[in-house]
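A short write-up of the structure that comes next.
Below, read A as the first sequence line, B as the second, and so on, with proteins coming before strands; counting in each chain starts at 1. All values below were derived from every heavy atom in this structure, side-chain atoms included, with hydrogens, water molecules and symmetry-related copies excluded. Being a predicted model, the structure only gives us computed values, none of them experimental.
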Amino acid sequence: MDVNTQSTVLLVLDLLGTSAFALNGALTAVRVTRIDIVGVVTLGMITALGGGIIRDILIEDLPPATFSDWRYLAVAAAGSLLAFFARKLERLSTPITMFDAAGLSLFAVTGAGKALDFGLGPVQAIILGTITGVGGGTVRDVLIRRVPIVLNSELYAIPALVAATVLVVCESLEVPTLPAALGAAALCFVIRMVGVRYDLDAPRPRGFDDPDPPKPA
Amino acid sequence: MDVNTQSTVLLVLDLLGTSAFALNGALTAVRVTRIDIVGVVTLGMITALGGGIIRDILIEDLPPATFSDWRYLAVAAAGSLLAFFARKLERLSTPITMFDAAGLSLFAVTGAGKALDFGLGPVQAIILGTITGVGGGTVRDVLIRRVPIVLNSELYAIPALVAATVLVVCESLEVPTLPAALGAAALCFVIRMVGVRYDLDAPRPRGFDDPDPPKPA
Amino acid sequence: MDVNTQSTVLLVLDLLGTSAFALNGALTAVRVTRIDIVGVVTLGMITALGGGIIRDILIEDLPPATFSDWRYLAVAAAGSLLAFFARKLERLSTPITMFDAAGLSLFAVTGAGKALDFGLGPVQAIILGTITGVGGGTVRDVLIRRVPIVLNSELYAIPALVAATVLVVCESLEVPTLPAALGAAALCFVIRMVGVRYDLDAPRPRGFDDPDPPKPA
């Protein structure tokens, strides 16, 4: 697969992740706080673009793709507006969780892939993919005053780490980018959703393993 | 108007915005929490410099003007100290709101102008101006654990967006920078203060339009 | 002292600061919230690497040392894991405070030193050293929803400012880097711990000087 096709694959997955996080962020805004359309769209766009902006700052691809490529802004704005008008969805927590898992999966893969393209080593690419995946949701949670999901949730950083690792290993084995990226993202999505469904957690410190831990509001 | 004059206009407006946000941040610190002079000055400086630092990172003008040009640090520190010693003002919420609106207006304009100077497109410049305007206040609110005003307030992002748009349009029409910038900032300031005065909000999701919504503490 | 030796001194101190903040962040995570091993390690690593990443972005040394030099990641991860398994320490608040003071001291010095290496002026280097010192702890506190210690604590920013200033003055007097850096860091550590021990504060606004101010949760 030539370089252009590879870039296109990453771009498309990046835009899909952007739209998923935009829907998630905007629906979260509607759900957790009584904010107006500007607040909903703002939170949607920050959630959608936060991970990619952090990634682009860290690999020094500035101005970030968000600014140099209008499609990111358009997709993030469209997803946020769509969520505002389809906000009955917010009564269902499943779509919110699924959009979040989709954004996490796609951004973990595109973050790792872009880091490799910029010449970072494999470990760095894995970490950067994970940061890209969890970044937008972390900013979202800080802004609405929740403990970030990455600190306080069933399997969240781990699936992102797995997806980024799979992508990096596949690239080193010269597996074509499209199946590698889709497979890695799908794996992350499945692990994340299984974790949510069965309320799985990574090991906790002892003394904190009461059966029904309070969740942050 | 030649390039030097234009740069001077942006610099002066940027320093005015910095001082306004320094006063606002420091008075907010005195008002909302019982913190010492270091805390007051720290919050004043972060509020004053936050928006510009975010702008300079995103357009890759590093180190940020804050570091390469000592006047920003001096103005931010002076404004914060002044607020600490004039802290009886904190009993009046109007000055706090007015300083915030002034910083928002000036930074929306200078952010958009600097983005154009760095060769970004018009839409990117508008978004970047808005980010510059709302950035410092958002960091301030996160640090003192308030829901950011941009998510939870009467017209806040919209006037910044309007001011940035006016500036970008004026520049493309080759209106001289000084009147364009002052006009755009004044427009933003007026819209923001009218919004505060009449407690106007952008449209909210239905079901949340009770007459007296609780504000975050 | 030649440049290589000087770089080595800064690197070693930077890694020591990283490990101190990793232990502090991970123990804080165990202490304040019921989070799993991923959350503990994540908070440890963010606390450890946050200050240096902010520094490297501001002086445009990108990708940050965190990514280009694997030792930072390794030290941060090892410190966080160690804290997770030695978590009985969390019942004692003294180690948490001491690790925090150590990280603050070391990062204030390395931040100022690296800024000088990158050609920033003395005032800029002092401010950047202070930001590097307080940055990781501020990010940590925001993520766990505490008012940042830099805003709400006995002497915290001031010792960092003192250490950065001492280092910058020593460098301009051509004092060898190793004793200058160690002396500056030790001074910061002592001031900070004396402040904690005797509950000293910088001057507060009047009317807020009740004898037993409530601390944030």
Checklist entry - Can you tell me how far CD1 of Ile53(B) sits from CG of Leu58(C), rounded to the nearest 0.5 angstrom? => result 6.0 Å
Item to check | Sidechain-backbone polar pair: Arg145(B) side chain, Arg145(C) backbone, donor-acceptor under 3.5 Å | outcome: yes
Next on the checklist: What I'd like to find out is whether the side chain of Phe67(B) reaches to under 4.5 Å of the side chain of Ile131(C), using heavy atoms alone.
Outcome noted: yes
Next on the checklist: How long is the straight-line distance from CD1 of Ile46(B) back to OG1 of Thr138(C), given to the nearest 0.5 Å?
Outcome noted: 6.5 Å
Checklist outcome for this item: Highest number of heavy-atom pairs under 4.5 Å with chain B among Ile127(C), Val123(C), Val150(C), Ile59(C) belongs to Ile127(C)
Next on the checklist: Looking at chain C, which one of Leu73(B), Leu143(B), Val142(B), Ile57(B) has the largest number of heavy-atom pairs inside 4.5 Å, strictly under?
Outcome noted: Leu143(B)
Next on the checklist: Less than 4.5 Å to any heavy atom of chain B: does that hold for the side chain of Leu161(C), its backbone, both, or neither?
Outcome noted: neither
Item to check | Point-to-point distance, once rounded to the nearest 0.5 Å, from CD of Glu60(B) to CD of Glu60(C) | outcome: 4.5 Å
